[in-house]
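Inspection log for the structure reproduced underneath, given as structure tokens.
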Amino acid sequence: MSRPEDILPPDLHYNDVESRKYTTSSRIQRIQADMTHRALDLIGLTQPSLILDVGCGSCLSGEILSQTAEEGTPAGPHVWVGFDISASMLGVALEKEVEGDLLLADAGQGVPFRPGTFDAAISISAIQWLCQAETSEESPAGRLSRFFNQLYASLRRGGRACLQFYPKNDDQKKMVSQAAIKAGFGAGLLEDDPGTKSAKTYLVLTVGGGELDGDITGVVRGMEGVDVMETRRKAGTMKRGVDKKGSKGWILKKKEQQKAQGKVVKASSKYTGRKRRIQF
């Protein structure tokens, strides 16, 4: 069975017809609500917080965030901001007069907010779309890198995020989690109902600082089926044979990294990395 992201980009797939069909489906409403509550449980908020909803769609998850604790939302109601690439989805959300602020934006181009803005972030059934690139000038690695680097910056120190997604395979699951780790997150993968058609994958992330100090094990310790990913190496653990900063090898590797991030890089030549003589 083909997946929607393999056929059309999200802004075209979720047109007016598909957006309404998605939002009015009682089955999807129930699944979205369950996954949103699960995500909130995993990030463990203890007080009303400012939350970013990535790929908010028609705000089925946002409606949960606005609920009070008595209605079943931990520490709610929360203040939230949602953004999505589909104008049709956001149009349905506006018709419902949801309580959050909405923004039309592509997560693959980054998270357009000031550093340290949010206490937490959630995403339900969205980030698998970042594993697709619609033009030759972009790459899945570049889109994931931009997203996670700017998501990391937008969260306060000690902040947490839980991103539920549907990976196509183990390689895609690894690609997403490694992009988060390279951005600086502490990361843990949790899968509910593994090996079944209803399997759901949650990427739980922490920003260094506070009680967790960037270690996701403080969030998912004791849970069954959790695969805790290693955070990036700390400075000072460089191995032998690593190119010195500023050397030709270092510059070439830097260019390759920038290409993978989708950036425009000048062509290398025999002069790349060569020291210039002092000019008088």
Query - Between N15 and S88, a side-chain donor and acceptor under 3.5 Å - result: no

Query raised in the report: If you measure from CD1 on I124 to CZ on F165, what distance do you get to the nearest 0.5 Å?
Result: 12.0 Å

Requested in this report: Nearest 0.5 Å please: distance from the CE atom of M89 over to the CG atom of D16.
Outcome: 11.0 Å

Query - N/O donor-acceptor pair under 3.5 Å between S25 side chain and Y22 backbone - result: no

Report task. Kindly indicate whether the side chain of Y202, heavy atoms from C-beta on, has any atom under 4.5 Å from the side chain of M35. Result -> yes

Query - Side-chain touch R143/D106, heavy atoms, less than 4.5 angstrom - result: yes

Query raised in the report: Is any side-chain heavy atom of Q47 less than 4.5 Å from a side-chain heavy atom of D119?
Result: no

Requested in this report: Drop me the distance from L45's CG to T73's OG1, to the nearest 0.5 angstrom.
Outcome: 10.5 Å

Report task. Report the C-alpha separation of I122 and V54 in whole Å, then their side-chain angles, then the decisive distance to 0.1 Å, and conclude whether the side-chain contact (heavy atoms from CB on, under 4.5 Å) test is met. Result -> CA-CA 6 Å; I122 67 166; V54 178; over 6 Å; no

Query - salt_bridge(E256, K253) N-O dist < 4.0 Å - result: no

**Report entry** Donor on one side chain, acceptor on other, S125 and Q164, under 3.5 Å
**Finding:** yes

Requested in this report: Tell me whether W129 is reachable from M175 by hopping between hydrophobic residues (I, L, V, M, F, W, Y) whose side-chain heavy atoms are closer than 4.5 Å.
Outcome: no

Report task. State whether the number of non-hydrogen atoms from other residues, nucleotides or ligands found under 6.0 Å of E99 atom CD is greater than 12. Result -> no

Query raised in the report: Can you list the steps and then say if S145 with K182 is a side chain to side chain donor-acceptor pair (under 3.5 Å)?
Result: CA-CA 8 Å; S145 178; K182 287 180 181 178; over 6 Å; no

Query raised in the report: Are any of the side-chain heavy atoms of D192 and R38 separated by less than 4.5 Å?
Result: yes

Query raised in the report: Are the side chains of S66 and V98 in touch, meaning some heavy atoms are under 4.5 Å apart?
Result: no

Report summary line: L90 and C56 have their tightest heavy-atom pair at CD2-SG, 3.8 Å

Report summary line: In short, C59 meets L102 closest at the heavy-atom pair SG-CD2, 3.5 Å

Report task. State, with a plain yes or no, whether a side-chain heavy atom of V207 is found less than 4.5 Å away from one of F185. Result -> yes

Query raised in the report: Is the backbone of T206 close enough, under 3.5 Å, to the side chain of R160 for a donor and an acceptor to pair up by distance?
Result: no

Report summary line: Looking only at heavy atoms, the pair that brings A87 and L104 closest together is N-CD1, 3.8 Å

Query raised in the report: Within a radius of less than 6.0 Å around NZ of K96, do more than 12 heavy atoms belonging to other residues, nucleotides or ligands occur?
Result: yes

Report task. For the residue pair T23 and S58, confirm or rule out a side-chain donor-acceptor distance under 3.5 Å. Result -> yes

Query raised in the report: S19 versus S86: any side-chain heavy-atom pair under 4.5 Å?
Result: yes

Query - R146 side, atom CZ; L151 side, atom CG - distance, nearest 0.5 Å - result: 14.5 Å

Query - Heavy-atom pair of closest approach, residues Y152 and R157 - result: OH-NH1, 3.6 Å

Requested in this report: Under the side-chain contact (heavy atoms from CB on, under 4.5 Å) rule, what do F148 and L130 come out as? Steps first, then yes or no, please.
Outcome: CA-CA 11 Å; F148 281 113; L130 297 179; 5.7 Å; no

Query - Cluster check V92, I64: I/L/V/M/F/W/Y, side chain < 4.5 angstrom - result: no

Query raised in the report: When the ring planes of F113 and F118 are compared, do they come out parallel, tilted or perpendicular, using 30° and 60° as the limits?
Result: perpendicular

Query raised in the report: Mind checking whether K168 and K173 have side chains closer than 4.5 Å, heavy atoms only?
Result: no

Report summary line: Value for CG (D53) from NE2 (H78), rounded to nearest 0.5 Å, stands at 12.0 Å

Requested in this report: Quick one: closest heavy-atom pair of I51 and A121, and the distance?
Outcome: CG2-CA, 4.2 Å

Report summary line: In short, E63 meets Q67 closest at the heavy-atom pair O-CG, 3.4 Å

Query raised in the report: L52, L60: one ILVMFWY side-chain cluster at the under-4.5 Å cut-off?
Result: no

Query raised in the report: In the single-linkage hydrophobic clustering (I, L, V, M, F, W, Y; side-chain heavy atoms under 4.5 Å), do I85 and L12 co-cluster?
Result: no

Query - ILVMFWY network linking I28 to Y14, side-chain heavy atoms under 4.5 angstrom - result: yes

Report task. Apply side-chain contact (heavy atoms from CB on, under 4.5 Å) to W80 and L50, showing your working. Result -> CA-CA 5 Å; W80 57 277; L50 178 57; 5.9 Å; no

Query raised in the report: Is a donor on one side and an acceptor on the other found under 3.5 Å between the side chain of N169 and the backbone of Q172?
Result: yes

Report summary line: d(L205 CG, I43 CD1) to nearest 0.5 Å is 10.5 Å

Query raised in the report: Just by distance, do the side chain of H13 and the backbone of P9 share a donor-acceptor pair under 3.5 Å?
Result: no

Report task. Run the numbers on Q150 and Q109 for side-chain contact (heavy atoms from CB on, under 4.5 Å), then give the verdict. Result -> CA-CA 9 Å; Q150 293 188 32; Q109 298 303 318; over 6 Å; no

